[in-house]
Structures are given as C-alpha cells and as structure tokens.
Amino acid sequence: MTDATPFGQTIYVPADGFLPQLLTELGEGTSLLGDLVAAPGPARPAAWARNVWHDPVLHPIASIGDAARRLRAVQRNWHLHAIGHFRRAELIRAKLPPVAARPLVFPDLPPSAPLGSWTLLDPGTMLAAGRCSSPVPDGEWCFVEDREAPPSRAYLKLWEALTRLGTRPVPGERCVDLGASPGGWTWVIQRLGARVTAVDKAPLAPSVAALPGVDWLGASAFSLDPAAFGPVDWLFSDVICYPARLLALVRRWMAAGAARNFVCTIKFQGETDHETAAAFAAIPGSRLMHLTQNKHELTWALVEAG
C-alpha cells in the first residue's frame, strides 16, 4: 500500500450552514470537494469548521475490500463523510468495524480513541485522514438531554463547551453568569457544585433561582465593575450584544485580573463580524469554536491549563 500519496492540503468540514464564513476565515486558495473545503498547507485555526482532517492521504483503490483493508491498516475507527459515489462508499463502510456515535452523558469525558475520516473522490480514489480535530463523528456533539430540569436548551451549549475544553467549574469555585435569564447556564454551573451569581435584568426561572448556591443580580452585565466584583474563578457570558461590545467587556475583566477562566458566546447581529472574531482569536491562550448548538454564533474560551 505504498502507492498512497499525501494530498498536500488540509480538509475542513464546515459548520452546518456556515460555509461562507469558513471560506472567508480560511482566505484565498481554497477549493471545494462536495461540502468539504480543501486549503493548502498544514491545519490552521478555523472556528467555523466543525472538524479538521490533518495530513489526508490519497489511496488508489482496486476494490471495495481493498479500500477497507487500507483503512484498517491505519487504525480501527473511521467515519465516512460521503460526498458522492454513495453506494460504493456504503459498501466499504460496511466492511469496517462499526463506530457507535452514542450521545455523551455530561460530564463524562469524550471518546479517547483516534477517529479518522474518509471519503471517495471517485470510484477508484479514496481520501482519508487518520487524525482529525474532533473525537466525535464529523464534529457533531450530541448529549443525552435533560428535558425536565433546565429552563432552556442553552444548557447544551455549555455542556459541549466544557466537554471540549476538558475542564469545568468544581465545587467551591465562584462563578458569574452574565445574561443568565432564564438560567440554563446557571443550572449547569450549579449542578457542578460551584457557586454562581446570575446577572440579568430579567429574573431567573423560579426552579433555578431556588437552587442552593445561586444568587441573582438584577443588573446589566455592562454595568458591573470587574475590579469591585471579582475575583471570580469563572466568567460566563451568553449575553445578546454586538461582538465588539462583548470584546470590550472581556478586556475590562482581563485588565482588572478579575476572572481566571472565561467562556463567552459571540452573537453576530446581521453580517458576521470577522474582524472582532479575529480579535477574540488573537487573545493569547484562548480558543474560538463553533458549537453544535451554536446558531450564528461562536464560542470563545480562555481557561487556565489544568
């Protein structure tokens, strides 16, 4: 199987509905392979990609069995991202060990086994990458949902963010949740055992407000003095505001040294503000990503190394 050759480009799987944003983020030189984006050079940060294929390889395949053997020779676990030749691709997939995409149970850890991705470019050519950025198929994060206790579905965003970051608030830590109402994120934080001050002009759902360790502050997130309010272990924000205003708020908290960890939703109003997104991404040590539950939003995080 030495006839396999490096593809020479990196493959990006765009977040659903946000291909134009990914193309803008990656810049010139990209090309499309079905719904996949190929870009020259090694992988680069791409917030609007839900998965990135590192160092993909082209395999000439003589048969369905040959394709499956080539993949199994690299590793066990593979996910098919079909862009064409669907029947042939499914026959190859059927010869590979099954990969169960079970919903995660928060706060369990995500899968640790390597998960590769592959596709057919034509009946005789397979493109495959044994190393991808996401440990779940196609970067689609799914959880066993709690359909009773949370007051909104926003909790799923925070579950995914904390799972992907590999860290979370712990009992005894102090947290602030900006733009908290009706309390989906506050509910997550409280369930982890941390204390949380929920900040919003609108009240919390009664079921969340009554939880031990939860305090509600009826105020605007932008009226707080970080130096007077901090220090806190975590600053969370799901505030609806223009991205530039959120960036200014984050910078105030950082300048005051008032929070150790940040997780914030950047909500775009109308056109995507790529300039402000890039400013968030440029903050040293931070991470910018599009979550499965994000709409026209990105999630920015800055957390201390564990």
Side-chain angles (χ1 to χ4, degrees), residues 6-59 67 71 74-75 77-86 88-90 92-93 96 99-104 110-122 125-143 156-157 160-161 163-165 266 268 272 274 277 281 287-301:
F7 184 56
Q9 300 185 75
T10 300
I11 298 296
Y12 301 82
V13 183
D16 287 341
F18 297 103
L19 174 60
Q21 284 80 358
L22 177 60
L23 293 175
T24 298
E25 186 179 23
L26 293 174
E28 297 181 356
T30 60
S31 58
L32 293 178
L33 301 172
D35 64 343
L36 300 174
V37 178
R44 66 192 84 163
W48 294 101
R50 68 177 194 256
N51 196 20
V52 179
W53 301 11
H54 295 270
D55 305 317
V57 174
L58 288 168
H59 294 267
L71 293 174
V74 177
Q75 62 193 37
N77 295 331
W78 290 93
H79 172 69
L80 166 62
H81 185 109
I83 61 173
H85 313 286
F86 300 104
R88 186 171 177 83
E90 279 297 323
I92 296 170
R93 185 195 61 77
L96 297 171
V99 176
R102 299 187 184 91
L104 301 174
S112 59
L115 177 63
S117 295
W118 66 279
T119 195
L120 289 182
L121 299 183
D122 58 57
T125 309
M126 179 172 64
L127 181 64
R131 184 168 65 95
C132 295
S133 64
S134 176
V136 299
D138 253 357
E140 291 284 353
W141 293 79
C142 298
F143 292 85
L156 290 167
K157 286 195 291 188
E160 180 181 343
T163 300
R164 291 174 64 170
L165 292 169
I266 306 169
F268 299 103
T272 304
H274 289 284
R287 183 172 174 183
L288 192 63
M289 51 192 169
H290 187 276
L291 306 179
T292 301
Q293 295 296 324
N294 280 152
K295 296 176 183 176
H296 191 196
E297 309 166 329
L298 292 174
T299 295
W300 174 81

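Treat the numbers as computed from the prediction; the structure is a model and nothing was measured.
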Do we see a donor-acceptor contact under 3.5 Å between the side chains of T272 and H296?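 The answer is yes; a qualifying pair exists.
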Nearest atoms (heavy-atom pairs only) where [X] meets [Y]:
X	Y	answer
R44	Y12	N-OH, 3.2 Å
G139	N51	N-CB, 4.2 Å
V136	P111	CG1-CD, 4.1 Å
Q293	E160	N-OE1, 3.8 Å
R164	H290	NH1-O, 3.4 Å
H85	L121	NE2-O, 3.5 Å

Checking L96 against W118 for the side-chain contact (heavy atoms from CB on, under 4.5 Å) test, could you report, in this order, the C-alpha distance in whole Å, the side-chain angles of both residues, the deciding distance, and whether it holds? CA-CA 12 Å; L96 297 171; W118 66 279; 3.8 Å; yes
Checking the side chain of [X] only, and the main-chain atoms of [Y] only, is there a donor and an acceptor separated by less than 3.5 Å?
X	Y	answer
S117	A129	no
R50	T292	no
W78	L71	yes

Are any non-hydrogen side-chain atoms of [X] and [Y] less than 4.5 angstrom apart?
X	Y	result
L22	T30	no
H54	S133	yes
P137	L115	yes

Angle between ring planes, H81 versus H79, binned at 30° and 60°: parallel, tilted or perpendicular?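 Because their plane-to-plane angle is over 60°, the rings of H81 and H79 count as perpendicular.
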Atom [atom1] of [X] and atom [atom2] of [Y]: how far apart are they, to the nearest 0.5 Å?
X	Y	atom1	atom2	value
F143	L104	CZ	CG	5.0 Å
R287	T299	CZ	OG1	10.5 Å
D122	L127	CG	CG	11.0 Å
D16	E140	CG	CD	5.0 Å
L36	L19	CG	CG	10.0 Å
L120	L33	CG	CG	12.5 Å

What verdict does the side-chain contact (heavy atoms from CB on, under 4.5 Å) test give for L23 and W48, after you've listed the backbone C-alpha separation in whole Å, the side-chain angles of each residue and the deciding distance to 0.1 Å? CA-CA 9 Å; L23 293 175; W48 294 101; over 6 Å; no
Could you walk me through whether L32 and V37 pass side-chain contact (heavy atoms from CB on, under 4.5 Å), step by step? CA-CA 5 Å; L32 293 178; V37 178; 3.7 Å; yes
Going through the distances and angles, do L156 and W141 end up as a side-chain contact (heavy atoms from CB on, under 4.5 Å)? CA-CA 10 Å; L156 290 167; W141 293 79; over 6 Å; no
